[in-house]
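Quick notes on the structure that follows.
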Amino acid sequence: MDYFTLNDGTKVPAIGFGTFKIKEESEMDLAIETALNAGYTYFDTAKFYENEELLGKYLKSYGKNRKDYQIATKVWPNAYSSDKAKESIEGSLKDLGVDYLDVALLHWYGDNFREAWKVLNDYKNQGIIKSIGVCNFSIDQMSELLKEGTLPVLDQLESHLHLQDKDTHEFLKENKILHQAWGPLAQGKSNLLHEDVLADLGEKYGKTPAQIALKWNIQRGVMVLVKSSHEERIYENIDLFDFNLSEDDMHALASLDKKERYSADPEDKEWLEKAANM
């Protein structure tokens, strides 16, 4: 496993396990058992996913010590007032069955994000949250946040070979904020894994197109979050640390950038207003 060091000194693995849309008991059970056996130690959830209780249950059921894994969760924009943000964090702690969170994030930009950010800071100062950051913040939105004083440890963004977002990537790098990728395989919403260059490089390195795509992000300094409920894919996705892509191959993969987003745009005001009222 490779690791990244956050700006607060915390180490996180280069790959984490996402749980979006995993809501069934049997699916969560299989996914978490397989992920733990495969070597994943970072688990990403959110209040919005409505699966924190299941995740907490199955992380505990396999006999791992709490210090052996990291949990990240998120506060949804409809809970950005001070009281609701506290309620969200307390609810996450209770549902996950833990007494601290490794990472807590603001899920999207929202008008009251400053109130919620202050709450995250307060919990961090108490040691109940170890690290705090955001998801889906654009450069302009992150610039607003940076005026609040505390540097976020990461920004979790839709990031894949078709949406490389180089400007945001460089902005985060310059500010010592980890770029974390959700949907690094484009969530099956495109032909990404059928790109010829991925097939060619997969043959060259003895890896699958998905492994090549994930490794490209990691090598450019991006932590990736992968999600699957299929045992074979869970093992495949983490089998990335026995090879490195050459500089030429990194450039070849970078040529796949289409600047194409397959989910909501962080600056889509209509979406942000909808999220704030869900």
(message) Using 0.5 Å steps for rounding, measure from the SG atom of C135 to the CG atom of D44.
(response) 7.0 Å
(message) Pair W76, H107 - check side chain to side chain contact (heavy atoms under 4.5 Å, CB included), show working.
(response) CA-CA 5 Å; W76 192 253; H107 210 146; 3.2 Å; yes
(message) With heavy-atom distances below 4.5 Å as the criterion, would you say the side chains of Q70 and Y42 are in contact?
(response) yes
(request) Output, in order, the C-alpha distance, side-chain angles, deciding distance and verdict of side-chain hydrogen bond (donor to acceptor under 3.5 Å, both in side chains) for T45 and E52. (result) CA-CA 7 Å; T45 184; E52 290 174 313; 5.0 Å; no
(message) Does the structure place the NZ or CZ of K11 under 6.0 Å from the centre of the six-membered ring of Y3, at an angle of no more than 45° from the ring's axis?
(response) yes
(request) Mind checking the CD1-CD1 spacing from I234 to I238? Nearest 0.5 Å is all I need. (result) 10.0 Å
(message) Under a 3.5 Å cutoff, is there a donor and acceptor pairing between the side chains of S159 and D165?
(response) no
(request) May I ask whether Y235 and I218 are part of the same hydrophobic cluster, defined by side-chain heavy atoms of I, L, V, M, F, W, Y residues being less than 4.5 angstrom apart, directly or through others? (result) no
(message) Determine whether a donor-acceptor pair (N or O, by modelled atom type, separation under 3.5 Å) exists between the side chain of K124 and the backbone of I132.
(response) no
(request) Evaluate the side-chain proximity of K84 to N78: yes if any heavy-atom separation is below 4.5 Å, no if none is. (result) no
(request) Measure the shortest side-chain to side-chain distance between E170 and K173 over non-hydrogen atoms and say whether it is less than 4.5 angstrom. (result) yes
(request) Would you mind reporting whether R114 and E144 have side-chain heavy atoms less than 4.5 Å apart? (result) yes
(request) Taking the six-membered ring of F48 (Phe, Tyr or Trp), confirm whether the NZ or CZ of K74 is under 6.0 Å from its centre and within 45° of its axis. (result) no
(message) Within the 3.5 Å criterion, strictly below it, is a donor on Y262 or H160 matched to an acceptor on the partner's side chain?
(response) no
(request) Assess the side chains of S190 and E260: does a donor N or O sit below 3.5 Å from an acceptor N or O? (result) no
(request) Before giving the answer on side chain to side chain contact (heavy atoms under 4.5 Å, CB included), spell out for V153 and L178 the whole-Å C-alpha distance, their side-chain angles and the decisive distance to 0.1 Å. (result) CA-CA 6 Å; V153 296; L178 179 67; over 6 Å; no
(message) So that I know where these two stand, are F137 and Y109 an aromatic pair - ring centroids less than 6.0 Å apart?
(response) yes
(request) Dump the intermediate steps for side chain to side chain contact (heavy atoms under 4.5 Å, CB included) on V75 and V119, then the final yes or no. (result) CA-CA 11 Å; V75 179; V119 170; over 6 Å; no
(message) Please check this pair: side chain of S143 against backbone of I139, looking for a donor-acceptor N/O pair closer than 3.5 Å.
(response) yes
